Amino acid sequence: MITLTLKEQPNVPLEAEMLSPDVMAALTNDEIRALPVYLGKRRRRLDDFFSVEGEKSDELAIHGDVVKVKWIGRGMTRGRITVASSVGMHLGAHMKGGSIDVSGNAADWAGAEMSGGVIRIRGNAGGQVGAAYRGSLSGMTDGTILIDGTAGLEVGMRMKRGIIAVGGLVRDFAGLQMKGGTLVLRSGAELRTGAWMVRGTIISLKPIKLLPTFSYASTYNPTFLRLYGRHLGALGFTLPYEDGDGAYQRYSGDACVPGKGEILVWKPPAT
Amino acid sequence: MLRITGGRVYDPANGVDGVVKDVCIADGRIVPQVEGGRTIDATGLIVFPGGVDIHTHVAGAALNFARGLTPENMRRGLPFVHTKDLRAGLGGVTPTTFATGYLYAGMGWTTVNEAAVPILSARHTHEELHDTPIVDKSCLVLMANNEIVLDLLEAGEVERATHVVGWLIWAAKAYGVKAVNPGGVAAWKWGKDAKVLSGPIEGYSSLTPAAIIAGLAKIVDDLKLPHPLHLHCNNLGTPGNVSTTLETLKILEGHRAHLAHLQFHAYGGNDWGTIRSEAAVLAEYFNTHPNLTTDAGAMLFGDTVTITADGPLEHLLHQLSGRKWGNVDVENETGCGIVPHTYKPSKLVNAVQWAVGLELLLLINDPWRVFLTTDHPNGACFWRYPEIIRLLMDAEFRKEQIKALPPETLNRTALADIDRQYTLSEIAIISAAGPARALGLSQKGHLGVGADADVALYEEHPDSGILFEYPRYVIKGGDVVVEEGQLRNVSNGRQFLVHPAFDDQIEAYLRPLFQKVYTMSFDNYPVEIERLQEPDIKPCA
Amino acid sequence: MGGKITCTLGEVKNRADFIVYWGGNPAECHPRHFTKYTLTQKGKFVPEGRKGRTMVLVDIRETLSAKAADIFLQIRPGMDFEILTILRALVKNQRVNAAAVAETGLTLEQLQDVVDRMKRAKFGVIFFGMGLSMTRGKHMNSAGVLSLAAELNEFTKFVCMPMRGHGNVTGSDMVLRWSTGYPFGVSLSRGYPRFNPGEFSTVDLIVRGDNDAALILGADPGATMPQPGIDHLARIPTIVLDPKVTHTSRLARVHITTAVTGVSAPGTAYRMDEIPLPLRPILASPYPTDEEVVRRIRQAVATKPAWAPATHVTTPFS
C-alpha cells in the first residue's frame with residue numbers, strides 16, 4: 001500500500017497523471033517522491049505536495065482534500081486507488097482496469113472514455129461522467145461507474161458500452177447521443193435525458209421529463225433487468241425488477257436521429 | 001558559410017547521381033567554393049536537394065475550417081512543445097501553422113505550394129503562411145468556378161477574361177491558377193455537380209466544363225505564368241472517371257497543364273462494386289504527351305480528413321460514410337467541403353486506390369513529370385511521404401503489402417506485376433527537382449551554383465522508409481535548421497508570387513460588377529503586398 | 001452527426017429566399033445585416049429583393065427585429081433545444097409527441113409549416129444568436145441548429161451561420177485555430193495546446209479560481225462574470241489592456257491604455273462568415289498598440305530566471 005497525504009494545497013490545479021498503480025507498482029519510495037506533478041506551467045515533485053509512505057504496490061491511498069488534483073488514475077489498467085476526500089477533474093479518464101473509490105466528490109469528466117474497470121464515487125460527481133471528450137465519436141466503451149450522490153450535465157454522453165449508475169439527481173442531457181450501454185438514474189434527471197440517443201438503455205426510477213421525440217412503447221418488466229438488478233444490487237445499487245415491484249414504461253427514441261434507444265421509467269405498483 | 005563534405009550527392013537536374021563531392025554554401029546560395037565557415041562531415045550521408053511539395057493544403061480557410069471541425073484529431077496530433085526557439089503546435093492530420101513548417105522541415109522538405117486559395121480569403125491564407133516557419137511558399141488561386149470569369153467565358157470574351165484573371169492573381173498575391181472541378185463547384189451552389197464535360201453547367205445557358213478548361217488553359221498560357229494551369233478534373237473519385245480524365249486531357253492538347261492528384265482520377269469500372277485501376281491507360285497517355293505534368297495524390301491506409309474545393313464530392317462522401325460534414329460556399333468564387341475519412345486495407349475500394357497511386361508513379365516512365373504527393377491530407381498526410389518512397393524503392397516490400405489486401409485486388413489492379421524500383425536519383429526528381437521545374441522555380445530542387453541552399457542530408461539505411469524519415473541535417477537558405485534530430489535556428493521563408501501583365505483599365509470593368517455581387521468594398525478585396533512575409537515576385541515570360 | 005454547412009454572406013445576398021433569425025435581434029445588434037446582406041439587397045438570383053425573400057424570426061419576445069419578419073414565432077424561454085429536436089424529427093417524417101410540442105409555445109402545425117417552407121426554399125439560411133447559444137443547452141442548442149441546417153441539405157441548399165459578437169471574436173477564433181488547433185478554451189500550460197471547454201474556458205476557469213494571474217485584452221469580464229469570478233480577478237494580479245478604463249480595469253492591479261484597433265492600430269478583422277477585412281487606421285493615437293505592449297511584456301518575461309517547465313506530454317494515445 002502506498003499512502004499519499006496532501007501536505008500543501010496547490011493554489012492552481014495540479015495535474016497528477018502519475019498517480020496511478022501502473023506508474024507506481026514498481027517504484028521505490030524515493031522514486032515515488034520524485035515523480036513529476038504539474039502545477040500550472042511548472043513541473044514540481046510529488047513530495048512538494050504529498051507526504052509519501054510505502055512503495056512498490058499497486059494499491060494507492062490518497063488522503064487530504066485533493067479537489068484541485070486532476071487526472072488521478074489516468075489510463076490505469078490494474079490495482080486500486082482510494083481517495084479519502086474529494087478529487088479533481090478527469091478521475092480515471094481512459095481507464096482500462098482496476099478500481100477507484102472516492103469517499104467525497106469528483107469533478108467533471110470522471111471515467112471519460114474509459115474502457116474497463118470500476119469507479120465508485122460516494123459523494124457527488126460533476127458533469128461528463130463516462131463521456132466523450134469534445135469531438136470524439138464515443139465516450140466510455142466499457143467499465144462501471146457508480147455514483148451515490150448527484151451528477152452534472154452530459155452524464156454518459158456518447159457512451160458506447162458499460163454501466164453508469166447514479167443515486168442522486170442528474171442535470172440536463174444525461175445519455176446525450178448515447179450509442180449503447182446502460183445508464184441508471186435512481187433519482188431521475190432534469191431535462192433532455194437521452195437527447196439524440198442512437199442506442200442504449202436509460203433506466204429512471206423516478207418520473208422524468210422526456211423530449212417530444214420519444215414515444216411510449218409499452219409497460220413491462222424486461223428480463224435483462226433481472227441480471228442488471230442482481231449485478232448492481234451486489235454493488236449496493238437497488239433496482240426493482242421483481243413483478244411485484246412495479247413495471248417499467250418503455251419509451252423509444254430519439255426520433256430526431258432517428259435512434260433506437262430506450263428510456264425505461266419505473267412505475268411503482270398500484271396501491 | 002557552410003561546406004558539406006564527403007556526402008553522396010544526388011542532384012539530377014545537374015546530372016549528379018550519387019557522386020561524393022562537396023556542396024558549398026554562402027549567403028543562402030550554392031557557390032563553387034567557400035573559405036572558412038562551418039564544415040559538416042557528411043560521410044555516410046546522402047545529400048539531396050530540399051523537397052518541393054507541389055500540391056498540399058496547409059494554410060487558409062478550408063484548413064482552418066477542418067481544424068475546428070475535428071478537435072478529436074487535433075487531440076491526437078503530435079504535440080510540439082513551446083521552447084525558446086519553437087512555437088507550440090499540434091501535428092496530426094491538419095497541423096497547426098507552426099507545426100506545419102516544423103514537420104516539413106523535419107522531413108527535409110523546404111518549399112511548399114498551397115494548392116487552393118479563394119481570392120476572397122487570400123488575406124487569411126497569407127496570414128497563415130506568414131505563421132508557417134522555415135519553408136518557402138507559393139499559392140494557387142481558385143479560378144474555375146469564379147462566376148465573373150465564367151460569365152465572360154460564356155460570352156466568348158476571352159481577352160477580357162484574361163485581364164480579369166491576371167488582375168485576380170495579383171489581387172490574391174498568388175503564384176498561379178488552380179482549377180477545381182470546373183463548373184461543378186458553381187453547380188453545387190444549386191445543389192448539383194458538373195459531371196459531363198460537354199454539358200451545360202447548372203445556372204448557365206451554354207457554358208460547359210470543357211469550355212472552362214480550354215479557356216483557362218489558354219489564359220494561363222497567354223499570361224505566361226511560370227506554372228501551367230493546375231487542374232483537379234471533374235468527377236474526382238467516381239468509378240469510371242478515367243474517361244473524364246482522358247476527355248480533359250484531349251481538351252488540353254496544345255497547352256501546358258498540370259493534373260493534380262491523378263490517383264483520384266484513374267478509375268475504371270461502373271460503380272463501387274466494379275471499380276478498378278486504369279492507371280496504365282493514363283500512364284500511357286502521359287508517356288506520349290510531353291506537355292503534361294502531374295502529381296500522384298497517392299493514398300495510404302489510415303485516418304485522415306478530406307479537404308477540397310469539390311463541394312459536391314464531399315457531400316457524396318458524407319452520404320456514403322456517415323462521417324461528419326463541413327461545407328462552405330464562397331460567394332461568386334468557389335467553395336470547400338470537409339469530411340473525415342479512414343482508408344482501410346480490408347476495403348476493396350481503398351485497396352484499389354492505394355494501388356492506383358503507386359501504379360501511376362511506376363508506370364509513368366519519366367520521373368520529371370510525375371511528382372510525389374498525397375494531396376495532403378486527402379490521400380494521406382504529407383509527413384508520410386517516406387512510406388511512399390519505400391514502396392517505390394522496394395518492390396519486394398511493396399508486393400508483401402499487396403498480400404494483406406483483399407484477394408480481388410489482384411483482379412482490379414496491375415501493381416503486383418510491376419517490378420520497377422525507384423533509384424535514389426529518381427526519388428530526388430519526384431520529390432524536388434521535378435516539382436521545382438514544373439513550378440518554374442529555377443533556383444529550387446537542385447544543388448547547382450546559384451540555387452537556393454536548401455539541402456537535406458540523410459543517413460544511408462537499407463530501409464528507404466527509415467532513411468527518409470529523419471534527416472540528419474536540413475539546411476534552408478543556408479541556415480542549418482535541423483541538426484541531430486532537433487529543430488533549431490528557425491527562420492521565416494519567402495513567398496513566391498507573380499505579377500502578370502494585365503490592363504489596369506480592367507478595374508473599371510470589375511469594380512461595379514464586384515460591388516453588385518459581392519459584400520465587401522472593392523478596395524478591400526486585393527491583398528496588400530505588405531501582408532506577405534518576404535515576397536519574391538517571379539517573372540511571367 | 002456533426003458538421004457545419006455554411007457560406008459567405010454574399011451567397012445569402014445573391015440566393016437566399018428563406019431566412020431564419022433565431023435567438024438574435026439583428027435590427028439592434030447587427031444593424032446593417034438586413035440591408036447589407038440578407039433582406040433588402042437585390043441579389044443576383046433574387047432580383048426582386050425583399051419581395052423574393054421570406055424572413056422568419058424565432059425569439060422569446062417581440063423585439064424590433066419582428067417588424068421586419070414575415071413570420072414571427074414566439075417561443076417559450078428555454079425551449080429552443082426541444083423545438084430544434086422536433087424540427088429535425090419532422091424533417092425526417094418522424095413522429096413527435098403532440099402534447100409535448102404544445103409546451104414549446106408553438107403548435108405542431110406551425111412547426112410542420114416551418115419544415116415544409118424550409119424544404120421548399122431554394123436557398124435557406126438560419127442565423128443564430130446568443131439567445132440560442134447562451135441559454136439553457138448552450139452548445140447543444142448551437143449543435144441543434146447546425147444539425148438541422150445540415151440535414152435539410154438532403155432536400156435543398158441550406159446553411160447556418162452564427163451571429164458573432166463584437167470585438168472581432170471571429171478573428172480570435174481564427175487565429176487560435178490556426179496557431180493552436182482550437183478556437184477557444186486553450187491551455188498552453190503543458191507547453192502544447194490542449195482544449196477543453198468548461199475546464200479551460202475563461203469564465204469557468206476564473207469562477208473556479210484556477211488561475212493565479214490574468215492578462216485581459218479587449219474584454220470586460222468584470223462587467224459580466226458571476227460575482228465569484230469578479231472577486232477572484234480582484235484578488236489575483238490582473239492586468240488589463242484596453243483603450244478605455246473598464247469595469248475590469250477598476251479591479252485590476254495594472255491598467256495600460258492602448259490604441260483602438262481599427263481606428264489607430266492596423267490589423268485584420270474577420271467577419272462572421274470568416275472573411276478577412278483589412279483594418280486601416282485613420283487617426284494617430286498617443287497610446288501604444290496592444291501588440292507593442294504584449295511584445296514588451298514578453299521581452300521582460302524572457303529575462304526572468306528559467307523555471308522547470310511542465311512539458312511532459314500526456315496525449316490520450318501515449
Side-chain angles (χ1 to χ4, degrees), chain A residues 11-13 15 17-18 36-45 67-68 70-71 74-75 88-90 93-94 107-109 112-113 126-128 133-137 152-154 157-158 172-173 176-177 190-192 195-196 198 209-216 251 253-258, chain C residues 1-2 78 81-104 108 111 136-140 143-144 147-148 151 182 185 187-191 195-199 204-205 208-213 236 307-312 314 316-318:
Chain A
N11 64 329
V12 296
E15 299 196 359
E17 66 267 23
M18 295 296 169
V37 292
Y38 306 100
L39 184 74
K41 71 186 184 199
R42 295 171 195 269
R43 185 179 70 240
R44 302 283 293 273
R45 285 170 57 105
V67 74
K68 273 191 180 280
K70 298 180 177 176
W71 296 103
R74 179 182 183 269
M89 290 187 188
H90 307 290
H94 299 117
D108 298 338
W109 301 102
E113 299 192 6
Q128 294 88 30
Y133 285 114
R134 301 299 170 189
S136 281
L137 292 177
L153 296 168
E154 298 178 321
M157 178 248 287
R158 293 204 284 280
D172 294 355
F173 293 117
L176 173 66
Q177 297 175 290
E190 292 186 21
L191 298 181
R192 298 152 182 179
W196 305 2
V198 179
K209 188 113 191 79
L210 293 174
L211 285 169
T213 42
F214 280 80
S215 308
Y216 173 73
Y251 294 86
D254 185 334
C256 90
V257 181
Chain C
M1 225 292 329
F81 183 83
E82 282 70 18
I83 295 169
L84 288 162
T85 301
I86 294 166
L87 289 173
R88 288 183 63 200
L90 292 177
V91 165
K92 301 180 184 88
N93 292 321
Q94 293 285 322
R95 204 161 25 145
V96 297
N97 181 319
V101 173
E103 292 178 30
T104 64
L108 188 55
L111 289 167
R136 188 168 182 171
K138 297 263 176 88
H139 60 277
M140 288 314 298
S147 300
L148 175 63
E151 287 161 357
Y182 306 111
S187 169
L188 291 168
S189 62
R190 299 291 289 262
F195 168 70
N196 201 17
E199 182 176 7
D204 305 292
L205 188 147
R208 273 195 310 269
D210 282 355
N211 60 322
D212 56 351
I236 58 172
W307 61 85
T311 56
H312 176 88
T314 174
F317 295 85
S318 58

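Note on naming: letters A, B, ... go to the chains in the order of the sequence lines (proteins, then strands), and numbering restarts at 1 for each one. Here the structure is a predicted model, which is why all the values come from computation and not from measurement.
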Criterion side-chain contact (heavy atoms from CB on, under 4.5 Å) on C:Asn196 and A:Trp109, from CA distance to verdict:
CA-CA 10 Å; C:Asn196 201 17; A:Trp109 301 102; 3.2 Å; yes
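- Between A:Arg192 and C:Met140 the shortest side-chain heavy-atom distance does not fall below 4.5 Å.
- A:Leu39 does not touch chain C: none of its heavy atoms, backbone or side chain, sits under 4.5 Å away.
- C:Arg136 places a side-chain heavy atom less than 4.5 Å from the side chain of A:Asp172.
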Verdict with reasoning, A:Lys209 to C:Glu82, per salt bridge (Lys or Arg N to Asp or Glu O under 4.0 Å)
CA-CA 11 Å; A:Lys209 188 113 191 79; C:Glu82 282 70 18; over 6 Å; no
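- Here the straight-line distance linking atom OG of C:Ser187 with atom NZ of A:Lys41 works out to 12.0 Å at 0.5 Å rounding.
- Residues C:Gln94 and A:Thr213 are not in side-chain contact: their nearest non-hydrogen atoms beyond the backbone lie 4.5 Å or more apart.
- Judged by the 6.0 Å and 45° rule, C:Arg190 forms a cation-pi pair with A:Tyr38.
- Proximity to chain C is limited to the backbone of A:Phe214, based on heavy atoms less than 4.5 angstrom apart.
- The aromatic rings of C:Phe81 and A:Trp196 lie parallel to each other, with less than 30° between the two planes, well short of the 60° mark.
- For a residue to count as touching a neighbouring chain, one of its non-hydrogen atoms must lie under 4.5 Å from one of that chain's; by this rule A:Arg42 touches chain C with backbone and side chain alike.
- Looking at C:Asn211, only its backbone comes within 4.5 Å of chain A, counting heavy atoms on both sides.
- Between A:Lys68 and C:Gly209, the shortest heavy-atom distance links the atoms NZ-O, 3.3 Å.
- Only the side chain of C:Glu103 comes within contact range of chain A, with heavy atoms under 4.5 Å apart.
- The candidate from C:Leu148, C:Leu84, C:Thr85, C:Val91 with the greatest count of non-hydrogen atom pairs under 4.5 Å with chain A is C:Thr85.
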Start with the C-alpha distance between C:Asp212 and A:Val12, add both sets of side-chain angles, then the distance that settles side-chain contact (heavy atoms from CB on, under 4.5 Å), and finish with yes or no.
CA-CA 7 Å; C:Asp212 56 351; A:Val12 296; 3.8 Å; yes
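- For A:Glu154 against C:His139, the heavy-atom pair with the smallest separation is OE2-NE2, 2.8 Å.
- Remark: C:Ile86 CD1 to A:Cys256 SG distance equals 10.5 Å, nearest 0.5 Å.
- The parts of A:Asn11 that come within reach of chain C are both its backbone and its side chain, each placing non-hydrogen atoms under 4.5 angstrom from that chain.
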